[in-house]
Visitor: 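Have a look at this one.
What you see below is based on every heavy atom in this structure, not just the backbone, and it leaves out hydrogens, waters and symmetry mates. Quick caveat, the model's predicted, so the values are computed rather than measured.
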Amino acid sequence: MNKILFYSGIAIFSTSCSVKLKSEMFFNKPETKIRLLEAKNFEKTKLNYFVENIKVDDSVNIETWTIESPNPKNIFFLFSPSENSIANSSEIMEKIALSTNSKVIGIQYRGYNYSDGKPSFETSYKDNQIIFEHYKSTLKNYNTVNIIGMSIGTVFSPKIVRNNESIVDNIILLSTFSTPETMLKEIKRINVPWIVRPLIKFKPDENIKNINSVLELQNFKNGILIFHAKDDEATGYKMAKEMVEKSNCKKKELVLFEDGGHFAPYSEKYLNIVVSKISEFIKKK
């Protein structure tokens, strides 16, 4: 009731109620720096682990982690969530490498973990493409080439696919962003009582306004697999539904979880389901 009164008061006393979304919300950089624990993990998994720092066009070093099976048949590029360092993606990287006999490359962003520089949308787009180009000559050695994005990674990974549609076999999105318009609708649906929603306006800043993952993937015809929790309050699940419904891919699938929030695909409850589904999906023709 207090929430309803609060929003009602805003609607009544404000001629224009506009909340500007900050693009910095995507780059909430943590201070923690974590090393890849190669020796400790090798004893458990028998996978290969190594770190590579790739220099991009302005001489900034970007950190990548690679976890791979001894003779990988598939390759994955994983664009991690911004709320955590690349270390928080290491478990899913290990599980994918094991279950799919793959090489999994986790790409860090500027200013995160041991990557240099300061993150922004513009530099991240450029850095990611340079890093992908760094590995491009090796992609012919694998049965499938797969792109994974988690959270903010779902903003960056579609652009890689758009620029390499003939090379990429599958894109896998976890807790995905779709379009600014749908994001604002989801924020309103989740946070604003229905009775005053028509009176409350939200507005993104210029950077977010120009991001459109649906548009980036409109010509991609191979495979798209999406995982999303119904109670995700950071990126509402209707963005996942929009991505699948508007996709022109010949194989597409949406997996919805009942709970778990934004990081449900990384959770202990659902992680093995995610990995198993990914393994099945990349085998489909």
Side-chain angles (χ1 to χ4, degrees), residues 36 38 41-42 44-52 54 62 64-80 86 89-108 128-150 153-154 156-174 176 213 216-227 243-244 247-255 265-266 270-285:
L36 178 59
E38 299 104 320
N41 288 358
F42 177 78
K44 295 185 294 184
T45 66
K46 308 305 179 186
L47 296 169
N48 299 317
Y49 299 78
F50 54 93
V51 174
E52 184 175 6
I54 298 173
I62 303 297
T64 67
W65 285 15
T66 295
I67 301 176
E68 64 177 7
S69 58
N71 295 290
K73 300 299 182 185
N74 306 285
I75 188 167
F76 289 80
F77 293 87
L78 187 147
F79 296 87
S80 60
I86 195 170
S89 296
S90 61
E91 185 175 7
I92 191 170
M93 291 172 66
E94 286 178 337
K95 287 180 177 290
I96 289 172
L98 285 168
S99 68
T100 64
N101 188 18
S102 296
K103 177 175 186 173
V104 185
I105 301 166
I107 299 171
Q108 193 63 274
N128 293 336
Q129 188 59 50
I130 290 169
I131 292 167
F132 190 81
E133 291 290 331
H134 175 81
Y135 293 101
K136 206 168 183 177
S137 64
T138 69
L139 300 183
K140 62 181 180 295
N141 300 326
Y142 301 96
N143 295 338
T144 66
V145 176
N146 308 280
I147 306 293
I148 302 179
M150 168 63 184
T154 68
F156 300 129
S157 52
K159 190 173 287 290
I160 294 294
V161 174
R162 190 195 71 179
N163 294 331
N164 299 278
E165 289 170 354
S166 63
I167 299 172
V168 176
D169 295 287
N170 301 290
I171 181 168
I172 299 145
L173 303 174
L174 316 177
T176 188
S213 294
E216 297 284 4
L217 295 176
Q218 67 178 348
N219 295 321
F220 183 57
K221 297 295 192 295
N222 293 333
I224 183 169
L225 173 61
I226 300 179
F227 299 89
M243 289 295 293
V244 170
S247 168
N248 294 312
C249 289
K250 62 183 180 182
K251 62 172 183 174
K252 54 184 179 180
E253 187 171 351
L254 170 61
V255 179
Y266 274 23
Y270 295 121
L271 180 57
N272 287 337
I273 296 173
V274 170
V275 173
S276 177
K277 182 63 71 172
I278 289 172
S279 182
E280 293 173 9
F281 192 80
I282 69 168
K283 294 174 185 176
K284 294 180 181 177
K285 299 299 182 183

Visitor: Could you pull out every donor-acceptor pair under 3.5 Å between side chains of residues 218-226 and any protein atom, sequence neighbours left out?
Guide:
from, atom 1, to, atom 2, distance (Å)
K221, NZ, N219, O, 3.4
N222, ND2, V168, O, 2.8

Visitor: We want to know whether N170 and K251 form a side-chain donor-acceptor pair, criterion being a heavy-atom distance below 3.5 angstrom.
Guide: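 Yes, side-chain donor-acceptor contact under 3.5 Å.
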
Visitor: Verify ring-ring contact (aromatic ring centres under 6.0 Å, His included) between Y270 and F227, making sure each step is shown before the conclusion.
Guide: CA-CA 10 Å; Y270 295 121; F227 299 89; 9.9 Å; no

Visitor: Any side-chain heavy atom of L47 within less than 4.5 Å of one from E94?
Guide: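 Counting from C-beta outward, L47 and E94 do come under 4.5 Å.
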
Visitor: Under 3.5 Å, is there a donor on one side chain and an acceptor on the other for T138 and Y142?
Guide: no

Visitor: Flag yes if more than 12 heavy atoms outside K136 fall under 6.0 Å of its NZ atom; otherwise flag no.
Guide: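 Yes, the 6.0 Å shell around NZ holds more than 12 heavy atoms from other groups.
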
Visitor: Do the side chains of K73 and E68 get close enough for a salt bridge, i.e. N-O under 4.0 angstrom?
Guide: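 Result for this pair is no, no salt bridge flagged.
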
Visitor: Could you tell me if the side chain of E52 sits less than 4.5 Å from the side chain of Y135, heavy atoms only?
Guide: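 In short, these two side chains touch, coming nearer than 4.5 Å.
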
Visitor: Can you name the nearest heavy-atom pair linking N48 to P70, along with the distance?
Guide: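 Reported closest heavy-atom pair: ND2-CA, 3.8 Å.
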
Visitor: Side-chain contact, heavy-atom cut-off 4.5 Å: Y266 with V274?
Guide: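 Y266 does not reach V274 side chain to side chain.
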
Visitor: Among V104, N141, V145, exactly one meets side-chain contact (heavy atoms from CB on, under 4.5 Å) together with I75. Which residue is that?
Guide: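 Only match with I75 under side-chain contact (heavy atoms from CB on, under 4.5 Å): V145.
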
Visitor: Quick check: Y49 with F42 (ring centres under 6.0 Å apart)?
Guide: no

Visitor: Output every pair passing salt bridge (Lys or Arg N to Asp or Glu O under 4.0 Å) with a member in residues 161-174, not counting sequence neighbours, ordered by first then second residue.
Guide: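 Those involving residues 161-174 are R162-E216.
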
Visitor: Residues two or more places apart in sequence or in another chain: which of them pass side chain to side chain donor-acceptor pair (under 3.5 Å) with S102?
Guide: T100

Visitor: Apply the side-chain contact (heavy atoms from CB on, under 4.5 Å) test between F79 and each candidate in I131, I147, L173; give the one that qualifies.
Guide: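 Exactly one option meets the side-chain contact (heavy atoms from CB on, under 4.5 Å) with F79, and it is I147.
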
